[in-house]
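Worksheet: one structure, shown below.
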Amino acid sequence: MTLEQLKEIKAKNHDIVMVRKLVAEEGAKLAENTAYRKQVLVCGGTGCTSSNSRLVIEALEKELAEKGLNDVLVIKTGCFGLCALGPIMIVYPEGSFYSQVTPKEVPEIVAGHLVPGGEPVKKYLYSETVHEDGSTIPLSETAFYKKQMRIALRNCGVIDPENIEEAIACDAYFALAKVLTEMTPQNVIDELLKAGLRGRGGAGFPTGRKWAFAMAQNNDVKYVCCNADEGDPGAFMDRSVLEGDPHSVIEAMAIAGYTIGSKQGYVYVRAEYPIAVERLGIAIKQALGLLGKNILGTGFDFDIDIRLGAGAFVCGEETALMTSIEGHRGEPRPRPPFPAIKGLFGKPTILNNVETYANISPIILKGSDWYSSIGTEGSKGTKVFALGGKINNVGLVEVPMGTTIREIVEEIGGGVPNGKKFKAAQTGGPSGGCISAEYMDVPIDYDNLTKIGSMMGSGGMIILDEDTCMVDISKFYLEFTVDESCGKCTPCRIGTKKLLDYLTKITEGKAELEDLDKIRELANHMKSSSLCALGQTAANPILSTMNAFGDEYIAHIKDKKCPAGVCKALLSFSIDADKCRGCTLCARNCPVGAISGKVKEPHVIDTDKCIKCGLCISNCRFNAVVKK
């Protein structure tokens with residue numbers, strides 16, 4: 001493919017795609033600029049696919065065919081972000097946002113909206129986009145979207161990820177063309193350094209510096225790797241980029257290859273991401289002329305292969321990932337030497353995660369000054385968070401660095417459900433920490449999160465409410481870490497298990513105050529002597545919760561009580577005789593026969609038999625069962 005052919009493809013598809021792009025970003029209406037009267041975009045990301053968006057697409061195509069509406073274009077996209085409302089369908093040029101669509105609603109939407117002269121079927125629209133007077137607002141003006149700035153996610157939910165021509169219409173591969181024809185490798189390094197892009201996979205190491213180290217190595221063989229393993233519980237940022245805009249990663253890896261002098265790239269993606277793997281494979285096949293030999297006629301050669309991971313969390317660590325690509329058991333290697341000097345197959349290698357690569361092309365096309373104007377002094381650009389847990393608007397969020405947790409939780413996230421109070425935000429996955437309500441107004445960036453006892457990590461953000469036991473949540477992450485430790489080094493293999501033993505003692509009411517000191521001492525040993533970050537950071541969830549919620553640990557140890565009412569060993573169930581009506585529902589549903597009493601008389605729980613399953617509470621209509 002030549003640069004002229006690239007421009008021709010963009011011109012051919014520009015009007016079709018820009019209708020969605022401009023409506024999504026600016027609320028514009030450009031019906032006259034496209035050959036199609038209507039365009040219907042249905043989310044085909046993992047979240048909506050699991051909610052049967054595929055059946056919605058099939059029903060839509062069937063209805064349109066039966067009515068002869070061949071001027072309506074149906075597109076299966078990647079994730080729109082607002083996963084809590086899936087399956088999602090958007091109709092352009094109006095930008096009408098239909099939420100939680102099922103095949104049953106499709107005939108009415110087609111007959112009411114998609115026929116010539118039709119109007120949006122307002123009862124199926126996302127309620128926030130419809131005013132009381134019946135008027136509608138664009139999705140970009142809703143609380144979930146208006147504070148977001150989509151750079152890494154710029155094309156997710158906008159293009160068909162299986163159609164390279166739509167990606168090119170949104171400027172895919174033009175940054176690569178600019179690099180190959182106008183810039184030297186050092187120019188690229190300088191631009192990234194000036195932009196201030198830091199790695200989005202964990203520690204936030206400056207991307208330009210990493211690439212510069214590899215570029216400086218005098219070696220004929222070098223490698224470019226992409227970490228798409230994404231093992232943090234609740235994290236789905238990288239998966240969504242690969243599902244919605246795989247060409248952004250492919251293009252950036254090619255730019256990296258040109259910059260450091262590499263001809264081969266590898267994307268390491270977990271096998272549990274079948275949609276991402278499939279779309280990435282399709283994108284690589286479609287990128288003929290943009291990968292391979294003599295790219296854009298410049299003499300630059302670069303290929304990309306996919307390697308599937310087996311779901312080992314430790315393979316998120318760069319040396320373990322490279323060991324796995326080489327065909328060995330995924331275990332970390334001592335550093336130094338660092339991968340930029342001796343990495344994959346013993347050759348100089350750079351490794352970045354999906355989100356980092358997704359930022360490269362916009363920086364090249366729009367310039368480092370534009371990018372560095374976004375964010376904070378030490379953390380430039382935006383960050384994608386997978387927002388989950390006790391939050392109304394579960395989904396994918398991309399915000400400028402410096403946005404506060406309060407803005408994300410209360411405005412973008414729609415607050416905590418059921419009138420519950422916000423208790424903490426857990427960021428950084430098993431390597432991160434819990435941020436209490438005291439720090440809700442701290443601007444989020446790499447340095448600030450570290451100062452308050454957490455870390456950015458890859459971008460998982462789990463919201464916890466007042467019913468969460470902070471000791472139990474720490475135990476959950478330790479159980480995960482124990483399972484995922486590769487066992488290669490003693491501090492991690494034994495240390496994580498010992499930490500879990502301490503937490504188990506605390507949740508069972510068998511611990512002593514001295515155990516808290518032992519936890520801190522063990523955590524320091526693990527941090528200083530573990531081989532990789534998995535062991536070095538395994539204690540972070542415990543230490544952060546001990547610092548911010550130390551009173552809960554004390555209550556478990558001294559008072560033998562769980563303030564949140566979560567830890568079973570510290571709970572007791574009883575029945576309030578004044579409220580009990582003797583309906584017998586609790587007794588009939590108790591799986592161990594621990595409840596006795598006559599009809600229309602107060603019942604009693606035998607605490608020796610009770611297994612604390614909670615079925616009595618869920619079945620009682622009179623709130624007579626008391627949990628302490």
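- Qualifying salt bridge (Lys or Arg N to Asp or Glu O under 4.0 Å) partners for E484, counting only residues two or more places apart in sequence or in other chains: none.
- Figure legend: K498 and Y502 shown as a cation-pi pair, the cationic atom lying under 6.0 angstrom from the six-membered ring centre and within 45 degrees of its axis.
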- Message: Run E355 and N359 through side chain to side chain donor-acceptor pair (under 3.5 Å) and show every step you take.
- Response: CA-CA 7 Å; E355 186 185 343; N359 280 276; 4.7 Å; no

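- A donor-acceptor distance shorter than 3.5 angstrom exists from the side chain of K222 to the backbone of Q217, with no hydrogens or angles considered.
- With no hydrogens or angles considered, no side-chain donor-acceptor pair links N540 and S431 at under 3.5 Å.
- Judged by distance alone, the side chains of S530 and Q536 never bring a donor and an acceptor atom under 3.5 Å apart.
- Atom NZ of K342 has 12 or fewer heavy atoms from other residues, nucleotides or ligands within 6.0 Å.
- By the 4.5 Å heavy-atom criterion applied to side chains, R239 and E230 are counted as neighbours.
- Note that CE of M215 and OG1 of T259 are 8.0 Å apart. Values are rounded to the nearest 0.5 Å.
- Under the 3.5 Å distance criterion, with hydrogens and angles disregarded, a donor-acceptor pair is assigned to the side chains of S324 and Y268.
- By the 4.0 Å N-to-carboxylate-O rule, E318 lies close enough to R335 to be salt-bridged with it.
- The backbone N or O of T376 lies less than 3.5 Å from no partner atom in the side chain of S379, so there is not a single donor-acceptor pair.
- You'll find the side chain of C156 stays beyond 4.5 Å of the side chain of T77, heavy atoms only.
- Salt bridge status for K76 with D160: absent, with no side-chain N to carboxylate O gap under 4.0 Å.
- Side-chain atoms of Q148 never come within 3.5 Å of backbone atoms of V399 as a donor-acceptor pair (strictly under, hydrogens ignored).
- Annotation: ring-ring contact (aromatic ring centres under 6.0 Å, His included) contacts of F480 (sequence neighbours excluded): F313.
- Note: Y371 OH to L197 CG = 4.5 Å, rounded to the nearest 0.5 Å.
- Neither side chain, N547 nor S544, offers a donor N or O lying under 3.5 Å from an acceptor on the other.
- Within a 6.0 Å radius of CG in D517, other residues, nucleotides and ligands contribute more than 12 heavy atoms.
- A cation-pi arrangement is absent between R198 and F205 under the rule of less than 6.0 angstrom and at most 45 degrees off the ring axis.
- T323 and E331 form no side-chain donor-acceptor contact under 3.5 Å, judged by distance and modelled atom types alone.
- For the residue pair T207 / T356, no side-chain donor-acceptor distance below 3.5 Å is found, with atom types taken as modelled.
- Judged by distance alone, the side chains of T496 and T481 never bring a donor and an acceptor atom under 3.5 Å apart.
- No donor-acceptor distance shorter than 3.5 angstrom exists from the side chain of E166 to the backbone of P161, with no hydrogens or angles considered.
- Ring geometry, H247 versus Y173: the interplanar angle exceeds 60°, so the pair is classed perpendicular (tilted spans 30 to 60°).
- Judged by distance alone, the side chain of E251 and the main-chain N or O of L176 form a donor-acceptor pair under 3.5 Å.
- With no hydrogens or angles considered, a side-chain donor-acceptor pair links Y477 and Q426 at under 3.5 Å.
- Within 6.0 Å of atom CD in E377, 12 or fewer heavy atoms from other residues, nucleotides or ligands are found, so the atom counts as exposed in its surroundings.
- Among residues at least two apart or in separate chains, side-chain hydrogen bond (donor to acceptor under 3.5 Å, both in side chains) pairs with a member in residues 302-317 are Q264-D305, E317-T319.
- Counted by atom type alone, N155 and D245 present one or more donor-acceptor pairs between their side chains at under 3.5 Å.
- Between the OG atom of S262 and the CZ atom of F300 there is a distance of 7.0 Å, given to the nearest 0.5 Å.
- With salt bridges taken as basic N to acidic carboxylate O contacts below 4.0 Å, one links D501 and K497.
- Checking side-chain atoms of R279 against main-chain N and O of E243 turns up a donor-acceptor pair under 3.5 Å.
- Across M237, M456, K383, a single residue satisfies side chain to side chain contact (heavy atoms under 4.5 Å, CB included) together with R200, and that is K383.
- Once rounded to the nearest 0.5 Å, the distance linking CG of L6 with CE of M1 reads 6.0 Å.
- Other residues, nucleotides and ligands contribute over 12 non-hydrogen atoms within 6.0 Å of the NZ atom of K475.
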